[in-house]
> 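First, the structure itself, so that you have it in front of you.
Because only heavy atoms are used, hydrogens play no part in the values below, and waters and symmetry mates are left out as well, while side chains stay in. Throughout, a chain's letter reflects where its sequence line sits, starting with A, and its residues are numbered from 1.
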2 protein chains.
Amino acid sequence: MDEKKITIFDVAEKAGVSKGTVDRVLHNRGEVSKKSEAKVREAIKLLNYEPNLYASLLATKSKREIALLLPKYNKGEYWEMLYDGFVAGGEAVSSLNISTNVFLYDQYDSASFKTAAERMLESRPSGVVIPPLFKNDTMELVNKLNAMDIPYVYVDTRLEEGNYLAYYGMPMYKSGYLCASLLTDRRREDEVKEIVVVRIQRDKSRLSDPTINRRAGFTDFIETYFPECVIYNLFIDPSDARSTNEALESFHELHPGIKHVVMFNSRVHLLSDFFKRHPDNQRCVIGYDNLDGNVEAVREGLVNLLITQHTDRQSHDAVVTLADYIIMRKQPPIRDCYVHMDILNKYNLENY
Amino acid sequence: MDEKKITIFDVAEKAGVSKGTVDRVLHNRGEVSKKSEAKVREAIKLLNYEPNLYASLLATKSKREIALLLPKYNKGEYWEMLYDGFVAGGEAVSSLNISTNVFLYDQYDSASFKTAAERMLESRPSGVVIPPLFKNDTMELVNKLNAMDIPYVYVDTRLEEGNYLAYYGMPMYKSGYLCASLLTDRRREDEVKEIVVVRIQRDKSRLSDPTINRRAGFTDFIETYFPECVIYNLFIDPSDARSTNEALESFHELHPGIKHVVMFNSRVHLLSDFFKRHPDNQRCVIGYDNLDGNVEAVREGLVNLLITQHTDRQSHDAVVTLADYIIMRKQPPIRDCYVHMDILNKYNLENY
DNA sequence: AAAAATTCCGTGACCGTGCACGAAAATCAC
DNA sequence: GTGATTTTCGTGCACGGTCACGGAATTTTT
């Protein structure tokens, strides 16, 4: 009712100083004696003072910037969604005098990550969003960020260190488990004897396969409920459509009866051509992520289900979370935000 | 770059008037000659002026209120989710000097709707959120709102008139279609011969069954792809657990082999007890809406799938949309917002 | 045409905070 | 103890609106 809004003046009065001093304390701008600072902080706590965001925003001139460190990508690839969400988040907070900036690197070249990180640091951002692809390099970066007191948010995956402001991502293990449950839904054991997992050649030689946990979840489910089932691994090269198709064809000749196909990365659309040539309405295909190509494949009935998340919302929320923290020192209510795993089929992908 | 922010002064100068006049035009506060008004509007358009929200919020004293007209509900019922989202939306816009207020009525008593609507109008809200249960009464209300120039947003369902600001809801017909597709996923025709649809006794005698379109979508799918299939209707009384169970038991005795059970309203949890007594892992049960009871039923494996939407987000977004419109006359980008239909099973309901 | 009534419009005091400027107080050097 | 530094602090304008007040311009009345 009588919500008398307390202002910086009230605090100043209570502390026996001027509003200028209170302001200095509020923004840790220094030039305040320890004694005064103590009194001001006391008064702030006592009065339960919260600064008026609007007055602050109106008066301030300082511009902030939030940076995103992202792998280079081609149109329609996974990382594009993170990028889009980041931009959208930037628009959402642009009225808070916060802008955004993206630094790209080559996801197969650790050195390029380092230089991108270096450039990013030089831009002196007020906050950073990172999908931590290179574990060690990211760790190094994060140490510097901590030293510079720059908050950062993980998206996609997360490192096991303790200083990130928040994390947005899909629970990988569970997403594999979910996939297996959908693939085998209401099937008897003798109906699921063989499964093909299509994988990316390049990931084999990589330090860390990004889908490893997902695969683990999937395998655990199958081994528990379909112990007799055989899981084949088929490797393809996403950059070479011809070799991909050849690999698929020759595998198909070898194992013509396989009805269950799964792909743990976001590239299940690469199989569309093959499925078009070999239609089979007994087949069940499950992939991940709502890339345009994947969605189209579901629409055409080539892929049955997609397990997705609002990837763009991850980076969007990351930006908003950072902005809230930068402007108002507001801690996010939940630090580890596992986004919901959506299940998309032909009939519910329209409004996604 | 040189994003020189244009202020009310720039507009005033361009129009050859004072800022006071511009302000009067901006808020349709009258006391402006047609000539001046025209010049001001011209200048606004020319300069592409947008008022500074923060300055406005800082200076304004006026309080606004957004009202929600909602059926009375018990804890754990569908309408509670709309309520929760409304409250959450209210918190999100509270800093815009906007508060919220809820007016409850008896969903089976048209007269109580009318008095609630009357009370609501007397509170002179700046915006209204309505799930239009009573078509005619809502129409009457809406006419008054239009006359009073009060914007309103539909949630849940929508009337076929043209003046609402926005609508948030699930595409009912499609949600039935989706349900049928999931129920029969990868089934051969001879595997789906009988389906039970459990319905609410009371809805039979009601003017309009709220699930009618959903049922239509469901039936259309089944008739298309499983023309031989028989759909049974079983009516229960949600307020009487004993009679419900009796109805289920006697139906079960009559048709013991039925493996497919569907419920089109949000009360599939009412069947939990029965399923507990008659476990059958060949059975497939699909319901709607993520009420706690329903979620629990999925977790326990009594219900296979839930088709849900973020019901709370409907009313939440409704409030935010209204606030944006009230404060900044911002039209929502999409007027008819069909929210995405989520599919929930045992393995992806945790983070929902 | 002057007076009265209306309509229209400019002015200026806020709203609560940020920040530059310079004065006051405290510390230091000798 | 005096002057020079350095530290600490108060003051006042700016930010871009809102809105009440009262005066100017216009219309109406007599």
> Do A/Arg335's NZ or CZ and the ring of A/Tyr164 fall within the cation-pi criteria of under 6.0 Å and 45°?
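Yes, A/Arg335 lies over the aromatic ring of A/Tyr164.
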> Can you tell me the distance, in whole Å, between the CD atom of A/Glu37 and the P atom of D/dT7?
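Between P of D/dT7 and CD of A/Glu37: 16 Å.
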> For B/Glu31 and D/dC21, give me the distance from atom CD to atom P, rounded to whole Å.
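From B/Glu31 CD to D/dC21 P: 12 Å.
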> How is A/Asp23 classified with respect to the nucleic acid when contacts are heavy atoms under 4.0 Å: base, sugar-phosphate, or nothing?
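It contacts base atoms.
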> Rounded to the nearest 0.5 Å, what separates atom OG in A/Ser315 from atom CD1 in A/Ile66?
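Answer rounded to 0.5 Å: 11.5 Å.
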> Take B/Leu141 and B/Leu121 through the side-chain contact (heavy atoms from CB on, under 4.5 Å) test and state the conclusion after the steps.
CA-CA 9 Å; B/Leu141 168 61; B/Leu121 287 177; 4.1 Å; yes
> Can you list, by residue number, the residues of residues 54-61 of chain B that have a non-hydrogen atom closer than 4.0 angstrom to DNA chain C?
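Only B/Leu58, B/Ala59 qualify.
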> Can you confirm whether or not the ring centre of A/Tyr168 sits under 6.0 Å from the ring centre of A/His316?
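Centroid distance A/Tyr168-A/His316: not below 6.0 Å, so no.
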> Please confirm whether the ring centroid of B/Phe103 lies under 6.0 Å from the ring centroid of B/Tyr105.
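Ring-ring flag for B/Phe103/B/Tyr105: false, centres at least 6.0 Å apart.
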> Which value, rounded to the nearest 0.5 Å, describes the distance between A/Thr60 atom OG1 and A/Lys63 atom NZ?
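If we round to the nearest 0.5 Å, A/Thr60:OG1 and A/Lys63:NZ are 8.5 Å apart.
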> Please report the distance, rounded to the nearest Å, between CD1 in B/Ile44 and C1' in D/dG17.
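Roughly 13 Å, once rounded to whole Å.
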> Between B/Pro125 and B/Ala67, what is the shortest heavy-atom contact and its length?
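The answer is CB-CB, 4.0 Å.
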> Hey, is A/Arg41 close enough to A/Glu37 for a salt bridge, meaning N to O under 4.0 Å?
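Looking at A/Glu37 together with A/Arg41, the answer is yes, because their closest N to O distance falls below 4.0 Å.
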> Answer yes when A/Lys135 and A/Glu160 have at least one side-chain N-carboxylate O distance shorter than 4.0 Å, and no when they do not.
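No salt bridge links A/Lys135 with A/Glu160.
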> Five pairs per end, C1' atoms only: what is the angle between the end axes of the helix from C/dA1-D/dT30 to C/dC30-D/dG1, to 10 degrees?
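The angle, to the nearest 10 degrees, is 40°.
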> Charged N to carboxylate O below 4.0 Å: is that the case for B/Asp106 and B/Lys72?
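No, B/Asp106 and B/Lys72 are not salt-bridged.
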> So which nucleotide from D/dT11, D/dG10, D/dG17 ends up closest to the side chain of A/Lys19?
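Nearest nucleotide to the side chain: D/dT11.
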> If only side-chain N and O atoms of A/Ser33 are considered, is one of them under 4.0 Å from the OP1 or OP2 phosphate oxygen of D/dC9?
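Yes, A/Ser33 has a side-chain N/O under 4.0 Å of OP1/OP2 on D/dC9.
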> Could you list where the contact with chain B starts and ends along DNA chain C, reading 5' to 3', using a 4.0 Å heavy-atom cut-off?
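It runs C/dC8 to C/dG16.
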> Take the protein atom CG of A/Asn97 and the nucleotide atom C1' of D/dG16, then report the distance between them rounded to whole Å.
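It works out to 13 Å between those atoms.
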> Between B/Glu118 and B/Lys144, is the closest basic N to carboxylate O distance under 4.0 Å?
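Looking at B/Lys144 and B/Glu118, the cut-off is met.
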> How close or far is atom P of D/dT8 from atom NZ of A/Lys39, stated in whole angstroms?
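Atom-to-atom, A/Lys39 to D/dT8, this comes out as 14 Å.
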> In whole Å, I'd like the distance from the CZ atom of A/Arg24 to the P atom of D/dT11.
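Value for this atom pair: 11 Å.
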> Rounded to whole angstrom units, what separation is found between the CD1 atom of B/Ile6 and the P atom of D/dC15?
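Spelled out: CD1 on B/Ile6 to P on D/dC15 is 16 Å.
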> When we call it a touch if two heavy atoms are under 4.0 Å apart, what does A/Phe9 touch: a base, just sugar-phosphate, or nothing?
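Base, at least one base heavy atom under 4.0 Å.
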> For residues B/Tyr54 and A/Tyr54, establish whether the separation of their ring centroids is below 6.0 Å.
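Yes.
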> Nearest heavy atom decides the nucleotide; on that basis, is B/Gly30 or A/Ile8 closer to the 5' end of DNA chain C?
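Its nearest nucleotide being more 5', the pick is B/Gly30.
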